[in-house]
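Here's the structure we're looking at; comments come further down.
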Amino acid sequence: MAGRKLRLFVSGGPDIVDAVVSRSEGGAKLVRGIRELASSSFPDAEVETLYERTGGFADLRVALETGDSRILDEQPQVVVLSIGSDVLELDGMGTSIEDGVRRIEADLVAVIDLIKEKVGAHVLVANASTLDPIQSTFNYHDIDDEPVSLRAHRLDLMLVGVSHTEGISVIDVDRKIAELGGVTGVLAALDYSEAGCRIIAEEIVRVIEDYGFFDDRPLLVQVGASAGAS
């Protein structure tokens, strides 16, 4: 049977763009990106990968609301996002960390709703590796500037809740990098090595396969707990 034609769009910083897009298509780390990996494992599948390098979810929310995001023009079936940019911005939001997390969550939920409403795409969101090779903090009490590792923990936890309510899939970058052996997959905070990007790409392909995009069967539907709310 012929496989599906899949248009995949990735929006975010280098932590996710470089884990999806091959060097030949504009990425910086991978010889074989999502398109090549999918074609190798599923010869009948035709995958087109598109991307835009963006900031955090607040910027993407505005772009979707004003019609300025390429996601709206390209009409992909799958959109891949990442919390990486928001992890880096969390300490500079001019508010408490807790309020910052809530603001990021609200922007993410709005982004997911806009993508589903305007595009009808499946949404995958990558969490962040909590490993920072230069971070040696062991007591976080009364610390002025939270390290990237702790901010990543906060937003990774937030993302679990959003996955439950919105029905999206989480690409568990933190777990995959840990399985790879930590420093083997991370060059610096949220800067993944070629091996790290490759294992993230393989996980994205696996999740897309689970939805049914690479064979002729009904696609799994993304339905979260919020769909049943009155």
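Linking ILVMFWY residues whenever their side-chain heavy atoms come closer than 4.5 Å, directly or via other members, leaves Val62 and Ile115 in distinct clusters. A continuous path of ILVMFWY side-chain contacts below 4.5 Å connects Leu219 to Val207, so both sit in one hydrophobic cluster. Linking ILVMFWY side-chain heavy atoms closer than 4.5 Å, directly or via other members, places Val119 and Leu220 in a single hydrophobic cluster. Neither Leu157 nor Ile104 shares a network with the other; the hydrophobic side chains, linked directly or stepwise wherever heavy atoms of I, L, V, M, F, W or Y lie under 4.5 Å apart, form separate groups for each. Leu187 and Val31 sit in two unconnected hydrophobic clusters of ILVMFWY residues. Membership requires side-chain heavy atoms under 4.5 Å apart, directly or through other members.
What you find for Val21 and Glu25 is that their closest heavy atoms are CG1-CB, 3.5 Å. Across Ala19 and Ala201, no two heavy atoms sit closer than the pair O-CB, 3.1 Å. Between Pro133 and Ala189, the closest heavy-atom pair is CD-N, 4.1 Å.
Between Asp107 and Arg103, no side-chain nitrogen of the basic residue sits less than 4.0 Å from a carboxylate oxygen of the acidic one, so the salt-bridge criterion is not met. Salt bridge absent: Glu105 and Arg102 never bring a charged side-chain N and a carboxylate O closer than 4.0 Å. Contact check on Glu203 versus Arg206 returns a salt bridge, with a Lys/Arg side-chain nitrogen under 4.0 Å from an Asp/Glu carboxylate oxygen. A salt bridge does not link Arg35 to Glu48: none of the charged side-chain nitrogens sits closer than 4.0 Å to a carboxylate oxygen. Taking a cutoff of 4.0 Å between a charged side-chain nitrogen and a carboxylate oxygen, Asp18 and Arg23 do not qualify as a salt bridge.
Proximity of Leu50 to Pro76: side-chain heavy atoms (C-beta onward) are nowhere separated by under 4.5 Å. Side-chain contact check for Leu159 versus Arg154: every heavy-atom pair is 4.5 Å or farther apart. Contact of the Leu150 side chain with the Thr130 side chain is not registered, since no non-hydrogen atoms from C-beta on lie closer than 4.5 Å. Looking at Val148 and Arg151, their side chains come closer than 4.5 Å, going by heavy atoms from C-beta outward. Within the 4.5 Å cutoff, no side-chain heavy atoms of Val162 are placed close to those of Val160. Residues Asp191 and Val186 fail the side-chain proximity criterion, which asks for heavy atoms closer than 4.5 Å. Leu8 has its side chain out of reach of Phe213: every pair of non-hydrogen atoms, C-beta onward, lies at least 4.5 Å apart. Using a 4.5 Å heavy-atom threshold, the side chains of Asp172 and Asn127 count as touching.
Checking Asp15 against Ser82 by side-chain atom types alone, a donor-acceptor pair falls below 3.5 Å. Side-chain atoms of Ser11 and Thr54 form a donor-acceptor pair, as typed in the model, at a separation below 3.5 Å.
Between the side chain of His122 and the backbone N or O of Ser169 there is no donor-acceptor pair closer than 3.5 Å. The backbone N or O of Leu30 lies less than 3.5 Å from no partner atom in the side chain of Arg198, so there is not a single donor-acceptor pair. Asp86 places a side-chain N or O within donor-acceptor distance of the main-chain N or O of Phe57, the cut-off being under 3.5 Å. Using modelled atom types, one side-chain atom of Lys29 and one backbone atom of Tyr192 make a donor-acceptor pair closer than 3.5 Å.
Residue pairs meeting the ring pair (Phe, Tyr, Trp, His ring centres under 6.0 Å) criterion with at least one partner in residues 19-56, sequence neighbours excluded, are Phe42-Phe214.
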